Amino acid sequence: MAESVVIMDESGEPNPYLLGVYAPVQDEITADELTVIGRIPADLNGVYLRNGPNARYPMKGRYHWFDGDGMVHAVHFENGRARYRNRWVRTRAFEAESAAGRSLWTGVMENPKANPFGNARGLPFKDTANTDLIFHRGRVLASWYLCGSPYGLDPLSLETLGADTFLDTLNGDMMAHPKVDERTGELFWFDYGPRPPYLRYGVVGAGGRVEHCVEVDLPGARLPHDMAITRHHAILMDLPLYQDLDAARQGRYKLTFDRELPARFGVIPRRGQAHEIRWFEAKPCYIYHVVNAWEEGDEITLDVCRVARPSPSGDGSPLARMVSYLKLDARMYRYRFDLRTGTTSEGYVDPDHNTEFPSIDARATGYPTRYAYNVSVADAATNLFDGLVRYDNVTGAKESYFYGPGVYGSEAPFAPRDGSTGEDDGYLVSFVTDEREGRSEVRILHAARISEGPIARVLLPRRVPLGFHATWVRAEQLRRTPR
Ligand SMILES: [Fe+2]
């Protein structure tokens with residue numbers, strides 16, 4: 001098998017996120033004669049898509065894993081067959097660098113002041129659209145963790161449809177993890193930045209326009225990554241991890257975790273005004289990802305993967321600190337917010353296992369869910385997902401599946417089978433990559449019985465580098481939704 005060209009940065013240090021299972025690939029392919037071990041279920045119909053950083057050109061300055069150009073790898077399942085393709089997201093920055101034939105931006109490890117342009121707020125980093133994917137109104141939106149333009153993609157061809165303006169109603173940017181309520185067709189989002197307003201919260205209506213947007217008052221710039229919705233509310237976060245302003249003034253990017261400050265959760269009616277937000281305080285922490293949230297009477301439940309100590313270790317070199325900060329160390333955790341009393345209760349769902357990148361049945365986002373499907377984070381120097389964990393929050397049962405030595409996976413969304421009647425009536429689908437052989441495949445598991453291992457393995461003609469978030473688009477969504 002042809003191995004990809006190794007893209008290096010200018011630091012002179014070998015960067016683990018440009019090597020081995022992370023090394024970017026340099027071609028875009030389509031493959032439909034794929035070898036299958038086992039049998040692809042005939043009732044698994046839809047598309048598995050995964051986003052991630054894939055540098056096209058050698059980076060100016062040091063490379064941070066989050067800097068790579070967004071590339072989507074996808075497998076379309078139809079009537080027991082599978083088709084693979086991968087495409088870069090054609091962002092404005094990607095097109096500018098393509099025209100120049102080289103890298104024009106520095107990443108977050110370097111002073112960005114000479115970069116050509118940034119996001120709508122003027123943050124001067126390259127909007128790579130490399131972080132998440134979410135299906136809404138007929139297209140998949142590729143998003144960026146520092147807030148950027150959501151780029152529409154055709155879920156089958158992966159053609160970039162352009163920066164999505166929501167029918168010319170989106171002013172500013174959108175964060176990486178907007179939430180879609182499939183029952184109402186609405187999409188909920190925020191954007192944030194280093195200057196006021198530090199946080200804005202908005203709603204795209206079922207017709208595709210931004211119908212609601214309010215500025216949320218925060219004590220300073222924060223780095224919120226995710227949010228939650230419930231039937232009547234949205235939940236925003238003010239967590240005590242933020243950019244060190246003194247370092248920022250010197251052009252350096254440094255994060256500080258303030259253990260003296262509480263974590264705060266802002267519960268706002270879905271179409272509420274800023275003064276209607278109610279803040280619930282909890283122990284200090286950082287949270288990358290929400291599992292789900294829902295209402296039961298006057299109480300809101302919020303399940304998350306919670307990072308108790310978001311601080312870097314390592315030997316102090318910029319690269320070591322970066323690698324250390326990136327290392328996910330989270331536990332499944334539950335908050336309850338009492339809307340009558342304003343009080344918070346909190347505690348571990350699973351205090352032992354480092355799990356992250358949670359997925360649920362997307363049809364139930366914002367409504368009660370019983371199951372969460374998380375990745376197991378390997379005990380390693382870099383971010384590696386060595387298996388999957390299924391949580392049952394009614395019985396407390398936990399079931400695991402590990403890929404095997406040297407084999408690492410991706411986020412594994414729940415893929416309902418045709419006619420699915422429940423949130424575990426379907427499959428989990430994930431790319432896995434074998435670091436020794438440099439090969440990748442897709443593994444398909446019964447969501448209700450993951451410990452039994454894969455029911456099918458689809459061998460891919462190329463290595464899929466490890467990446468960020470994934471989504472599943474159901475066949476019936478492909479057929480019926482307007483674009
Ligand atoms: Fe994320």
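On a predicted model such as this, the values are computed, not experimentally measured, just so you know. Basis for what follows: all heavy atoms, side chains included, without hydrogens, waters or symmetry-related copies.
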Using the salt bridge (charged side-chain N to carboxylate O under 4.0 Å, His left out) criterion, which residues pair with [X]? Sequence neighbours excluded.
{"X": "D69", "answer": "K126"}
{"X": "D352", "answer": "none"}
{"X": "R449", "answer": "E452"}
{"X": "E281", "answer": "none"}

Compute the ring centroids of [X] and [Y], then answer whether they are less than 6.0 Å apart.
{"X": "F337", "Y": "F280", "answer": "yes"}
{"X": "F66", "Y": "Y145", "answer": "yes"}
{"X": "F265", "Y": "W279", "answer": "no"}
{"X": "F385", "Y": "F357", "answer": "yes"}

*asked:* So, applying ring pair (Phe, Tyr, Trp, His ring centres under 6.0 Å) with Y48, which one of F77, W472, F431 is it?
replied: F431
According to side chain to side chain donor-acceptor pair (under 3.5 Å), who are the partners of [X], at least two apart in sequence or on a separate chain?
{"X": "Y22", "result": "T382"}
{"X": "T131", "result": "none"}
{"X": "H469", "result": "H177, H289, E411"}
{"X": "D361", "result": "R363"}

*Could you please spell out the steps behind the ring-ring contact (aromatic ring centres under 6.0 Å, His included) verdict for Y373 and F414?*
CA-CA 8 Å; Y373 307 101; F414 172 71; 5.8 Å; yes
*Got more than 12 heavy atoms from elsewhere within 6.0 Å of CZ, R92?*
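Check fails, neighbour count at 12 or below.
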Look at [X] together with [Y] and state whether they make a salt bridge at an N to O cut-off of under 4.0 Å.
{"X": "R139", "Y": "D154", "value": "no"}
{"X": "R340", "Y": "D338", "value": "yes"}
{"X": "K179", "Y": "D226", "value": "yes"}
{"X": "R90", "Y": "E159", "value": "no"}

For [X], check side-chain contact (heavy atoms from CB on, under 4.5 Å) against everything at least two apart and list the hits.
{"X": "T35", "answer": "L459"}
{"X": "R222", "answer": "L218, P219, P224, D238, Y242, L261"}
{"X": "P53", "answer": "Y63, W65, N130, F468"}

*Can Y401 and Y403 be said to form a ring-ring contact (aromatic ring centres under 6.0 Å, His included), step by step?*
CA-CA 7 Å; Y401 163 67; Y403 297 122; 5.6 Å; yes
*salt bridge (Lys or Arg N to Asp or Glu O under 4.0 Å) contacts touching residues 208-220 (sequence neighbours left out)*: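 Output for this query lists E211-R271.
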*Single hit among L156, T30, I29 for side chain to side chain contact (heavy atoms under 4.5 Å, CB included) with R85*: T30
I'd like to know if the side chain of [X] pairs up with that of [Y] as donor and acceptor (distance under 3.5 Å, no hydrogens or angles considered).
{"X": "S410", "Y": "R50", "result": "yes"}
{"X": "E356", "Y": "Y288", "result": "no"}
{"X": "Y391", "Y": "D350", "result": "yes"}

_Y367 six-ring face occupied by R231 cation (under 6.0 Å, within 45°)_ = no
*Please test D32 against R81 for salt bridge (Lys or Arg N to Asp or Glu O under 4.0 Å), starting from the C-alpha separation and ending with a verdict.*
CA-CA 8 Å; D32 44 18; R81 293 174 58 84; 5.9 Å; no
*For the residue pair W88 and F94, does the interplanar ring angle fall in the parallel (under 30°), tilted (30 to 60°) or perpendicular (over 60°) class?*
tilted
*Provide the closest heavy-atom pair for F402 versus S376 in the form atom of the first, atom of the second, distance.*
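The pair with the smallest heavy-atom distance is CE2-OG, 3.5 Å.
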*Atom pair CD/CG of E423 and N292 - distance to nearest 0.5 Å*: 8.5 Å
